Amino acid sequence: MQDEMTIEEQVADEAFKDTLKYLDQRAASPDFRIEDIEEQLYYLTVYEGQDQTGRGEIMNSEIDGQIDAFTAFIDRWKKQHQAKNKNSN
């Protein structure tokens with residue numbers, strides 16, 4: 001029997017997919033800069049740490065999914081562009 005995802009896992013997974021789709025759309029823009037995405041990730045991680053009053057597990061799961069998507073996107077983007085730079089040399 002397959003393990004079912006918890007609500008927190010479902011929220012994180014949905015946030016990951018939605019955020020990755022958003023980032024892919026941003027990357028298609030002519031004024032796209034990876035530095036802007038890295039800056040957004042920085043502020044998202046700052047926001048993640050500002051949980052003194054307790055925002056709840058669902059919201060924390062959503063933020064975790066977003067952070068995971070930003071990290072995956074940045075890693076993928078850098079690998080693709082490193083490969084392109086190697087091939088053009």
Side-chain angles (χ1 to χ4, degrees):
M1 184 163 124
Q2 182 178 348
D3 291 331
E4 290 188 30
M5 291 173 51
T6 65
I7 187 69
E8 291 86 357
E9 291 169 331
Q10 291 173 11
V11 167
D13 186 58
E14 186 174 322
F16 178 86
K17 290 175 184 175
D18 290 346
T19 303
L20 202 53
K21 182 178 178 180
Y22 160 77
L23 292 169
D24 286 335
Q25 290 171 347
R26 290 263 323 262
S29 171
D31 62 342
F32 173 80
R33 291 177 356 106
I34 193 65
E35 295 83 7
D36 294 338
I37 302 302
E38 290 171 325
E39 184 176 5
Q40 281 186 291
L41 174 59
Y42 169 77
Y43 286 110
L44 190 55
T45 58
V46 169
Y47 177 64
E48 176 190 35
Q50 296 173 340
D51 187 21
Q52 298 87 349
T53 58
R55 66 175 70 93
E57 290 303 313
I58 301 298
M59 189 63 181
N60 284 335
S61 296
E62 183 176 355
I63 295 166
D64 288 344
Q66 292 170 343
I67 289 172
D68 290 345
F70 269 83
T71 303
F73 177 85
I74 291 167
D75 289 345
R76 182 183 70 191
W77 189 91
K78 286 184 176 183
K79 285 178 185 173
Q80 288 173 344
H81 285 78
Q82 286 174 350
K84 284 181 185 178
N85 289 339
K86 284 182 182 178
N87 291 337
S88 66
N89 290 334

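Heavy atoms only: backbone and side chains are in, while hydrogens, waters and symmetry mates are out. Keep in mind the model is a prediction, meaning the values are calculated, not measured.
- Cluster note: Trp77 groups with Phe16, Leu20, Tyr22, Leu23, Phe32, Ile34, Ile37, Leu41, Leu44, Tyr47, Met59, Ile63, Ile67, Phe70, Phe73, Ile74 through ILVMFWY side-chain heavy atoms spaced under 4.5 Å, whether in direct contact or through intervening members.
- Contacts of Arg26 classified as salt bridge (charged side-chain N to carboxylate O under 4.0 Å, His left out), with partners at least two apart in sequence or in another chain: none.
- Sorted by first then second residue, the salt bridge (charged side-chain N to carboxylate O under 4.0 Å, His left out) pairs that include residues 28-37, not counting sequence neighbours, are Arg33-Glu35, Arg33-Asp36.
- With sequence neighbours left out, the side-chain contact (heavy atoms from CB on, under 4.5 Å) criterion links Asp18 to Glu14.
- Judged as a salt bridge (charged side-chain N to carboxylate O under 4.0 Å, His left out), and not counting sequence neighbours, the contacts of Asp13 are Lys17.
- Taking Ile, Leu, Val, Met, Phe, Trp and Tyr as hydrophobic and joining them when side-chain heavy atoms fall under 4.5 Å apart, one finds Tyr43 in a cluster with Tyr42, Val46.
- For Lys78, the salt bridge (charged side-chain N to carboxylate O under 4.0 Å, His left out) test picks out Glu38, with sequence neighbours left out.
- Within the structure, every pair that satisfies the side-chain hydrogen bond (donor to acceptor under 3.5 Å, both in side chains) test and touches residues 54-70, not counting sequence neighbours, is listed here: Asp51-Asn60, Arg55-Asn60.
- In this structure, Val11 belongs to a hydrophobic cluster whose other members, linked by side-chain heavy atoms under 4.5 Å apart, are Ile7, Ile58.
- With rounding to the nearest 0.5 Å, the separation of OG1 in Thr45 from CD in Glu48 is 7.0 Å.
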